[in-house]
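This is a predicted model, so every value here is computed, not measured.
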Amino acid sequence: SQKVGMGRSFYAQFPQARSVYTQANALLGTELSQLCFEGPEETLRQTENAQLALYVTSVAAWNAFEAATERKPDATAGHSVGEYAALVAAGALDFADGLKLVQTRGELMRDAARRTPGGMAAILGIDPETARQSCEAARDTGIVTVANYNGGGQVVISGAQAAVEKAGEIAKARGAKRVIPLAVSGAFHSPFMAPAGDALFTPLSRTAFRKPKVAVVSNVTADYVELPSDVTGGLTMQVSQSVRWEESMQRLLADGFDTFIELGSGDVLTGLMKRMDKTARAVSVQDADSLQTAVALLEAERADEGMERERTRG
């Protein structure tokens with residue numbers, strides 16, 4: 001979801017967001033904010049830069065949202081590298097510590113991709129089980145697995161390029177609507193990334209994670225994280241295992257959550273939620289204008305809750 005211009009609006013209009021970019025620039029010793037706002041796109045797209053940009057912009061969006069609404073989340077979740085920002089919003093991770101981890105994660109995943117090249121593809125109009133079986137049927141060509149169970153009929157596969165292509169062909173033969181090769185530099189969330197996860201474990205284990213103040217749903221388990229040790233283990237495995245996003249969102253829906261705010265760059269997760277549950281309120285906050293839309297949504301929600309209380313009292 002990285003794109004040139006990401007976060008510029010937050011930086012310009014919210015001191016709370018500006019401070020996030022300023023701190024990141026100082027800690028990294030580079031102008032990450034300039035890369036986010038001005039590019040070049042080719043440099044921003046490199047995984048070691050994209051991950052930092054997404055993390056910092058997500059936290060900046062969260063700071064702007066909190067300042068504008070004075071609201072705390074009841075639960076958080078983040079897709080892939082977004083899980084680090086979700087932990088910050090939940091009070092389980094300091095921003096500076098998360099920045100160091102994301103920097104290391106991006107570099108390790110870049111290095112793993114260079115050592116073992118691979119590819120990824122999005123498959124649309126397919127159920128998770130058919131996608132998994134399509135990968136199994138293509139493994140005589142090489143390693144390929146489901147990287148992201150995104151929901152709404154969308155699955156992303158990852159692995160050796162030839163195996164990804166064959167699994168895509170099998171999936172189309174089994175009813176998938178489209179197979180879209182992704183412009184990525186490696187086979188992320190696949191066994192090809194296991195060395196990166198192993199190397200990430202040491203800095204993760206040295207990080208002072210705290211017990212989350214609100215529920216955080218883990219990518220790896222699609223369940224709530226309760227202990228700092230759970231966070232360390234989950235983030236270690238997450239690099240090479242599937243992002244179980246659909247199950248994570250279904251867990252929240254089953255537990256009564258009905259309003260979802262996507263914070264950061266892009267609106268992909270909002271679109272997925274609307275396809276998963278048409279009754280859920282979902283909105284993306286990716287600039288100052290969309291932040292006002294979220295504020296209006298929350299005000300409407302509060303009004304609805306007030307009317308419900310009045311009916312109950314009556």
Side-chain angles (χ1 to χ4, degrees), residues 1 47 77-83 109 112-113 116-194 196-197 217-224 234 237-255 257 260 262 266-280 282:
S1 294
T47 192
H79 191 289
S80 192
V81 73
E83 191 163 2
M109 291 174 71
T116 314
M120 302 177 74
I123 304 178
L124 308 182
I126 195 170
D127 64 89
E129 183 58 22
T130 301
R132 188 185 64 77
Q133 291 176 0
S134 298
C135 288
E136 287 186 355
R139 283 183 186 151
D140 60 336
T141 309
I143 292 174
V144 59
T145 188
V146 175
N148 305 335
Y149 292 99
N150 284 337
Q154 183 189 115
V155 169
V156 175
I157 61 175
S158 178
Q161 188 62 52
V164 168
E165 292 172 2
K166 183 174 181 179
E169 292 170 1
I170 294 170
K172 286 187 74 173
R174 295 180 178 185
K177 292 181 180 178
R178 292 181 66 194
V179 177
I180 305 171
L182 301 183
V184 294
S185 58
F188 304 129
H189 296 289
S190 81
F192 286 5
M193 290 293 118
V217 185
S218 165
N219 283 186
V220 170
T221 65
D223 202 355
Y224 299 120
M237 294 184 290
Q238 183 223 60
V239 174
S240 60
Q241 293 195 16
S242 304
V243 175
R244 296 166 61 185
W245 189 253
E246 181 173 20
E247 290 176 83
S248 298
M249 294 302 98
Q250 293 294 351
R251 175 63 190 266
L252 291 170
L253 288 164
D255 288 345
F257 289 89
F260 297 81
E262 179 179 4
D267 58 2
V268 172
L269 303 182
T270 300
L272 291 174
M273 174 52 67
K274 289 178 178 178
R275 287 197 288 274
M276 277 187 262
D277 189 328
K278 294 189 182 342
T279 67

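Looking only at distances, no side-chain donor or acceptor of Q241 sits under 3.5 Å from a matching main-chain atom of V220. Checked by atom type and distance alone, the side chain of Q238 never pairs as donor or acceptor with a backbone atom of V243 at under 3.5 Å. Using a distance-only test at 3.5 Å, with no hydrogens or angles considered, no donor-acceptor pair links the side chain of N219 to the main chain of H79.
A pairwise comparison of heavy atoms in G152 and R275 identifies O-NE, 3.7 Å as the closest pair. Of all non-hydrogen atoms in V164 and A121, the two that sit nearest each other are CG1-CB, 3.8 Å. Between A147 and M120 the shortest heavy-atom distance is CB-CE, 3.8 Å. The two residues A77 and M249 have their closest heavy-atom pair at CB-CE, 3.9 Å. Taking every heavy atom of both residues into account, A194 and S240 meet most closely at N-CB, 3.6 Å. The minimum heavy-atom distance between I157 and A167, with the atom names listed, is CD1-CB, 3.8 Å.
Here Q161 contributes atom CD and E165 contributes atom CD; the two are 4.5 Å apart, rounded to the nearest 0.5 Å. Distance CG/L272 to CG/D277: 13.0 Å, rounded to 0.5 Å. From S190, atom OG reaches atom CE of M193 across 5.5 Å, with rounding to the nearest 0.5 Å. Taken to the nearest 0.5 Å, the CE atom of M109 stands 5.0 Å off from the CZ atom of F188. The CE atom of M237 sits 8.0 Å away from the OG1 atom of T221 when rounded to the nearest 0.5 Å.
Exactly one residue among I170, T130, I123, V144 makes a side-chain contact (heavy atoms from CB on, under 4.5 Å) with C135. That residue is V144.
Residues F260 and L253 form a side-chain contact, since some pair of their non-hydrogen atoms from C-beta on lies under 4.5 Å apart. Between H189 and S80 the shortest side-chain heavy-atom distance falls below 4.5 Å. Within the 4.5 Å cutoff, no side-chain heavy atoms of E246 are placed close to those of V155. Side-chain atoms of P128 and V146, non-hydrogen and from C-beta on, never get closer than 4.5 Å to each other. For the pair W245/Q154, no side-chain contact is recorded, criterion being any heavy-atom separation below 4.5 Å from C-beta on.
A salt bridge (Lys or Arg N to Asp or Glu O under 4.0 Å) check over residues 126-142, counting only residues at least two apart or in different chains, returns the pairs E129-R132, R132-E136, D140-K166.
With sequence neighbours excluded, no residue forms a side chain to side chain donor-acceptor pair (under 3.5 Å) with Y149.
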Let me check something: any side-chain donor-acceptor pairs from residues 171-186 under 3.5 Å, sequence neighbours excluded? List them with distances.
none

